[in-house]
Number of protein chains: 2
Amino acid sequence: MTTIKDVAKYANVSVATVSRVLNKKGYVGKDSEKAVLDAIKALNYKPNSVARSLYHKSSKMIGLLMPDISNPFFPELARAVEDVALTYGYTVVICNTDEDEQKERRYLDALMQKYIDGLILTTNHLTKEEYESLDLPLVALDRIISEDIPTVVADNFRGAKEATSYLADAGCKLILHIRGPKGVHPADRRYEGFKETVEERGIANLVVEAGFKINQAEEVVYNLLKDYPQIDGIFASSDVMAAGAMKAASRAGKSIPQDIQLIGFDGIPLGEMLVPSLTTVAQPIYEMGAVSARLLIKQIEKKPLDQLNYVLDPTLVIRQTTRSVDE
Amino acid sequence: MTTIKDVAKYANVSVATVSRVLNKKGYVGKDSEKAVLDAIKALNYKPNSVARSLYHKSSKMIGLLMPDISNPFFPELARAVEDVALTYGYTVVICNTDEDEQKERRYLDALMQKYIDGLILTTNHLTKEEYESLDLPLVALDRIISEDIPTVVADNFRGAKEATSYLADAGCKLILHIRGPKGVHPADRRYEGFKETVEERGIANLVVEAGFKINQAEEVVYNLLKDYPQIDGIFASSDVMAAGAMKAASRAGKSIPQDIQLIGFDGIPLGEMLVPSLTTVAQPIYEMGAVSARLLIKQIEKKPLDQLNYVLDPTLVIRQTTRSVDE
DNA sequence: CTGAAAGCGCTTACAG
DNA sequence: CTGAAAGCGCTTACAG
């Protein structure tokens, strides 16, 4: 690799001068500038990021901590973060923590040692104090860690209310909610939205908890369908769970949407691939990722933040697992 | 951050000695060693990777170039690469190239400037010469770039033959193959496997090309189903395409597997989520990623490679989109 | 406007 | 066994 010294020699100037034209900083005479530019081109010189990082204590890299990239909610989020990062000249490092505190710590250590410039957290297994003691720009995405950490989430509560109301309007008499694990912020909020709505409207309802994997939801729903054949509406806390519910319904001999109407949550591509295609509360996933990345980079570059917390609106996307509501 | 100097001062030794115990290299007296170890603990010292990189011209990072992480084939691959990399102390940087030469070049430049230690390529829009001129350990994954570059692929040809034979055995009389874009290695091989099989067995067949997105496959198949209502078997070049075919069949009033039997390719989680669940040729995706990562790291660490090219066996996973073959 | 020098935090010959 | 020094490739005061 050619270094700044080679360029300096070729251009007959000092490395300081080369550095100045590289960074467009400080005075440089016209002639020197041209000589340097020519040398750079002739030698196809690219400045060494590592040396720059060492001096600046900054790596132009951001970390994206997530539970598991192979969970279908995350790739699009990661994609958005990458796209925005690329625009601003940052590289992103994705870390799969598997919701495991030890793994999260290890990754954090490794990133700190690399002068990572900031972190987007979609996972939170350390305390707020630990995150803050990192002394790094931070954004909490899809989870809330603390008041002080800029946050980007969808309005899970509202999305859940809309979905539940829709099922009610569509005539469901006994609605099952498949909720996600307790303590996981979005799962809790969706549950609360569901609960408030069925209570307001006085609708009979059932709630079961399932993990985010499809088989769990399928089993849970299948068993419930045997005990409560009157269930005619299901609101699932994720699209994957909804897919599980579809499989359960099929096994139980129930057809969707004739016997049971179903609404998922997330808006991942899976929904469109199912037959019938899935009615769902779509989060603006890409936008959430993009907003987070911009918010993080603003902090890194010490620009003013006009807003600390973003609550983005989800959209109820009507597809084929619900019957049309006549109004 | 505490530096090696702080540790040296605290332990009353020189930085050279600290470095020696850090790297377990060179002679260090028992007493000094203990003093240094204590100092490291007391100060919670972590060596700075950037400084190390600068000296060693190596970053302990590997690059993973892929078309698009939100294409459902890639997250699991990425996950496997990450897992193995973590084990060996490497960090992975994922780059989404969108099959775009310009983006690929930009990423490559950025990575080179960071002293990236090696690259896993699932995308190839530069020439073999360009890749080799990077002068970096390389692994081609799921695509073949050149004889000289270690490669990990699934046996696409064999998988296609198995799938096609299975449809034939199951009694299909007119089989449609939805093939992927020409020039993409796996798509070509699957096509060839299909073609060879139908010809060997003298089975009527049709071939259409579709992109890797679901809507394209759906449209193409829907139109074909109108013109050729006799189609009773479909072999799709990917699971996503197969999902598109399912939607098309449903729209055309055909039921699966009664009227049409369907087999996909890839073995992504989607297949299990569909109703009926998808019979598919499953690639060992996780293993492909893991093998690639190990192969790359071996090169980086200059260990001998016992094998240069890995062709892994896919498995025909029978689920519900095919009828059982009676033998 | 420009260069010599110090420094970012490490590692490794080189002396001793 | 241990330390002083040079060097990895940059950047930025500091002189001039």
Side-chain angles (χ1 to χ4, degrees), chain A residues 1-40 43-61 89 109-117 135, chain B residues 1-40 43-61 89 109-117 135:
Chain A
M1 284 259 101
T2 75
T3 73
I4 197 171
K5 269 191 187 167
D6 303 321
V7 177
K9 199 167 295 172
Y10 190 100
N12 261 118
V13 297
S14 72
V15 297
T17 299
V18 176
S19 179
R20 282 186 197 103
V21 350
L22 243 29
N23 299 293
K24 305 189 204 322
K25 207 182 250 178
Y27 298 94
V28 177
K30 274 285 161 226
D31 292 356
S32 307
E33 184 177 1
K34 187 177 178 336
V36 170
L37 260 13
D38 289 350
I40 289 175
L43 303 173
N44 187 226
Y45 168 71
K46 306 263 162 65
N48 179 312
S49 313
V50 176
R52 282 187 161 172
S53 289
L54 184 59
Y55 181 87
H56 283 120
K57 299 183 195 302
S58 143
S59 60
K60 282 280 187 177
M61 298 199 299
D109 277 347
L111 294 175
M112 293 303 287
Q113 294 178 46
K114 287 187 191 301
Y115 282 145
I116 198 89
D117 288 340
D135 197 27
Chain B
M1 285 258 100
T2 75
T3 73
I4 197 171
K5 270 192 190 169
D6 303 319
V7 176
K9 199 168 296 172
Y10 189 100
N12 262 117
V13 297
S14 72
V15 297
T17 299
V18 177
S19 179
R20 283 186 196 104
V21 349
L22 243 29
N23 298 294
K24 306 188 203 320
K25 205 182 253 178
Y27 297 92
V28 178
K30 272 286 159 224
D31 293 355
S32 306
E33 183 177 1
K34 186 177 177 341
V36 170
L37 259 15
D38 288 350
I40 288 175
L43 302 173
N44 188 226
Y45 168 71
K46 307 264 163 62
N48 180 313
S49 314
V50 176
R52 282 186 160 171
S53 289
L54 183 59
Y55 181 87
H56 284 120
K57 299 185 195 303
S58 143
S59 60
K60 283 278 185 178
M61 297 198 301
D109 278 347
L111 294 176
M112 294 302 288
Q113 295 178 47
K114 289 187 191 299
Y115 281 145
I116 199 87
D117 288 340
D135 197 26

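Keep in mind that the numbers below use all heavy atoms, side chains included, and drop hydrogens, waters and symmetry copies. Every chain is numbered from 1 and lettered A, B, ... according to where its sequence line falls, protein lines coming before strand lines.
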For this session: With P as the reference atom in both, quote the distance from C:dG7 to D:dA4 in angstrom, rounded to an integer.
Result: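 Comparing P positions in C:dG7 and D:dA4 gives a spacing of 16 Å.
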For this session: Please name all residues satisfying salt bridge (Lys or Arg N to Asp or Glu O under 4.0 Å) with A:K24, sequence neighbours left out, ordered by chain then number.
Result: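 Here no residue qualifies.
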For this session: For B:K46, enumerate each residue passing the salt bridge (Lys or Arg N to Asp or Glu O under 4.0 Å) test, keeping only those at least two apart in sequence or located in another chain.
Result: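 Here the qualifying residues are A:D109.
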For this session: For nucleotides 11-16 of chain D, just jot down a letter per nucleotide in 5' to 3' order: B, S or -, based on protein non-hydrogen atoms under 4.0 Å.
Result: BBB---
[X]: side chain to side chain contact (heavy atoms under 4.5 Å, CB included) partners, not counting sequence neighbours:
| X | value |
| --- | --- |
| B:N12 | none |
| B:S49 | A:Q113, A:K114 |
| B:A35 | B:A11 |
| A:Y45 | A:T2, A:I4, A:V7, A:L22, A:I40, A:P47 |

For this session: Respond yes when some side-chain nitrogen or oxygen of B:K57 is under 4.0 Å from OP1 or OP2 of D:dG9, and no when none is.
Result: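 Affirmative; the distance criterion is met.
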Problem set entry | D:dG9 phosphate, OP1 or OP2, under 4.0 Å from A:T3 side-chain N/O |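 No, outside the criterion.
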For this session: Mind checking side chain to side chain donor-acceptor pair (under 3.5 Å) for A:S32 and listing every partner two or more places apart, or none if nothing turns up?
Result: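 Scan of A:S32 (side chain to side chain donor-acceptor pair (under 3.5 Å), adjacent residues dropped) gives none.
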For this session: Just jot down the side chain to side chain donor-acceptor pair (under 3.5 Å) partners of A:K34, sequence neighbours excluded, or say none.
Result: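 So A:K34 forms a side chain to side chain donor-acceptor pair (under 3.5 Å) with A:D38.
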For this session: For the pair B:S58 (side chain) and B:S53 (backbone), establish whether a donor and an acceptor sit closer than 3.5 Å, ignoring hydrogens and angles.
Result: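 No; zero donor-acceptor contacts below 3.5 Å.
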Exercise. According to the Watson-Crick and G-U wobble definition with distances under 3.5 Å, which dot-bracket string, read 5' to 3', encodes DNA chain D, using [ ] for crossing pairs and | for pairs with another strand?
Worked result: |||.||||||||.|||
Please report the distance, rounded to the nearest Å, between [atom1] in [X] and [atom2] in [N].
| X | N | atom1 | atom2 | value |
| --- | --- | --- | --- | --- |
| A:K9 | C:dG3 | NZ | P | 14 Å |
| A:L54 | D:dG7 | CG | P | 17 Å |
| A:N48 | C:dC8 | CG | P | 18 Å |
| A:K5 | C:dA5 | NZ | C1' | 13 Å |

Exercise. Which pairs pass salt bridge (Lys or Arg N to Asp or Glu O under 4.0 Å) with one or both residues in residues 7-16 of chain B, sequence neighbours excluded?
Worked result: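 For residues 7-16 of chain B: none.
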Exercise. Which of residues 27-40 of chain B have a heavy atom under 4.0 Å from DNA chain C?
Worked result: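 Within this stretch, nothing sits under 4.0 Å of the strand.
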Exercise. Below 4.5 Å, heavy atoms only, C-beta onward: do B:S14 and B:V18 meet side chain to side chain?
Worked result: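 A side-chain contact is absent here, since even the closest heavy-atom pair is not under 4.5 Å.
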